[in-house]
> 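I have a structure here, written as C-alpha cells, and I will follow up with some questions on it.
Residue numbering restarts at 1 for every chain, and letters A, B, ... go by the order of the sequence lines.
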Amino acid sequence: MTEPMRAFRERVLALVARIPEGRVMTYGQLATLAGGPGNARQVGFILNGLAQTDLPWQRVINAQGRISTYGVGFGELQRGLLEREGVHFDDAGRVDLARVQWWPEEDGAGQQGHLGL
DNA sequence: GGTCTGACCAGGG
DNA sequence: ACCCTGGCCAGAC
C-alpha cells in the first residue's frame, strides 16, 4: 500500500470514529473530507473488514441514504444497529440525509439544521 | 503492463 | 421512482 493511500485510510477511519450516535456520513463525503474526492469506492473498500472493530462503521451509508452492505452480508446488521440508535428508515429503506447526515463542523457550533427544524 | 471488480456517485432517460 | 451509463481509482490477479 502506498504512503498517500495509507494516510488517506487513516483520515477516513479518524472521521468515522467521530460520527455521533444516531447520525451518518456517506462514502463520498468521507472521501472528500479525507482529501480524496472521487475516491468514494476506496472508502467502501477500506471499511470492508471493519465490522469487528469498535469503530461505528454502521454509520456510513451511500449518498442516496441507503444501506450499501447487503451485498456483503452486513445489511440487516447495519440497519438494525442504526435503528437502535434512533435512525429512521422510510418505506423505500432510505434515511433522511437532510436530517441525519453529520458534518464535522457541527462539533463546536451547530450549523446544519438537523434538529428537526 | 492489462483487465476486472467494487460497502460509490451524478446525471440522464 | 426506476434502471443504465460513464466516470472514478486502488487492489487483486
Side-chain angles (χ1 to χ4, degrees):
Chain A
M1 180 183 287
T2 67
E3 176 50 35
M5 198 47 205
R6 214 172 67 80
F8 176 72
R9 173 193 161 87
E10 291 310 309
R11 284 193 295 273
V12 168
L13 298 185
L15 282 166
V16 171
R18 294 174 52 199
I19 307 175
E21 193 175 317
R23 305 295 296 281
V24 303
M25 285 184 83
T26 70
Y27 300 93
Q29 181 190 6
L30 280 167
T32 299
L33 293 177
N39 290 30
R41 308 190 78 157
Q42 303 326 303
V43 173
F45 190 86
I46 288 169
L47 264 43
N48 196 324
L50 245 57
Q52 330 202 9
T53 73
D54 43 359
L55 283 173
W57 59 272
Q58 74 273 21
R59 297 176 191 150
V60 182
I61 62 180
N62 66 37
Q64 291 139 49
R66 298 245 210 84
I67 298 290
S68 284
T69 58
Y70 288 103
V72 284
F74 292 121
E76 292 304 323
L77 171 61
Q78 180 169 15
R79 173 163 176 159
L81 288 171
L82 286 176
E83 287 182 323
R84 199 162 68 192
E85 296 184 359
V87 177
H88 172 72
F89 287 80
D90 65 19
D91 300 330
R94 291 185 306 195
V95 309
D96 186 352
L97 282 180
R99 203 157 48 206
V100 303
Q101 183 171 22
W102 180 77
W103 293 84
E105 292 75 35
E106 292 183 44
D107 264 2
Q111 301 195 356
Q112 273 325 56
H114 72 281
L115 300 178
L117 311 176

> Report all interatomic pairs (protein N or O, nucleotide N or O of nucleotides 9-11 of chain B) with separations under 3.5 Å.
{"residue": "dC9(B)", "atom": "OP1", "partner": "G28(A)", "partner atom": "N", "Å": "2.8"}
{"residue": "dC9(B)", "atom": "OP2", "partner": "A63(A)", "partner atom": "N", "Å": "2.7"}

> Are any of the side-chain nitrogens in E76(A) or R79(A) under 4.0 Å away from the carboxylate oxygens of its partner?
no
> Looking at every non-hydrogen atom in both residues, tell me the closest pair between P20(A) and R59(A) and how far apart they are.
O-CD, 3.5 Å
> Using the side chain to side chain contact (heavy atoms under 4.5 Å, CB included) criterion, which residues pair with R66(A)? Sequence neighbours excluded.
N62(A), Q64(A), R94(A)
> Hey, does the side chain of Q101(A) reach the backbone of A63(A) with a donor-acceptor pair shorter than 3.5 angstrom?
no
> Taking side chain to side chain contact (heavy atoms under 4.5 Å, CB included) as the definition, give me every residue that meets it alongside A40(A), ordered by chain and number, with sequence neighbours left out.
Y27(A)
> Short question: side chain of E85(A), backbone of G22(A) - any donor-acceptor pair under 3.5 Å?
yes
> Whole Å only: how far is the CG atom of D91(A) from the P atom of dA1(C)?
11 Å
> How would you list, by chain and number, every residue that makes a side chain to side chain contact (heavy atoms under 4.5 Å, CB included) with E10(A), sequence neighbours excluded?
none
> Applying side chain to side chain contact (heavy atoms under 4.5 Å, CB included) to F74(A) and I67(A), what does each step give before you reach the verdict?
CA-CA 9 Å; F74(A) 292 121; I67(A) 298 290; over 6 Å; no
> Where do L81(A) and W57(A) land on the side chain to side chain contact (heavy atoms under 4.5 Å, CB included) test, with the steps shown first?
CA-CA 10 Å; L81(A) 288 171; W57(A) 59 272; 3.9 Å; yes
> So what's the dot-bracket for DNA chain B: Watson-Crick or G-U pairs under 3.5 Å, [ ] if a pair crosses, | if it pairs off-strand?
.|||||.||||||
> Please evaluate residues I61(A) and L82(A) with respect to the criterion side chain to side chain contact (heavy atoms under 4.5 Å, CB included), reporting the C-alpha separation (whole Å), side-chain torsions for both, the decisive distance (0.1 Å), and the verdict.
CA-CA 10 Å; I61(A) 62 180; L82(A) 286 176; 4.2 Å; yes
> Give the B/S/- string for nucleotides 6-13 of chain C, one per nucleotide from 5' to 3', where a protein heavy atom under 4.0 Å of the base yields B, of only the sugar-phosphate yields S, and otherwise -.
-BBBSS--
> Separation of L97(A) atom CG from dC8(B) atom P, in whole Å?
14 Å
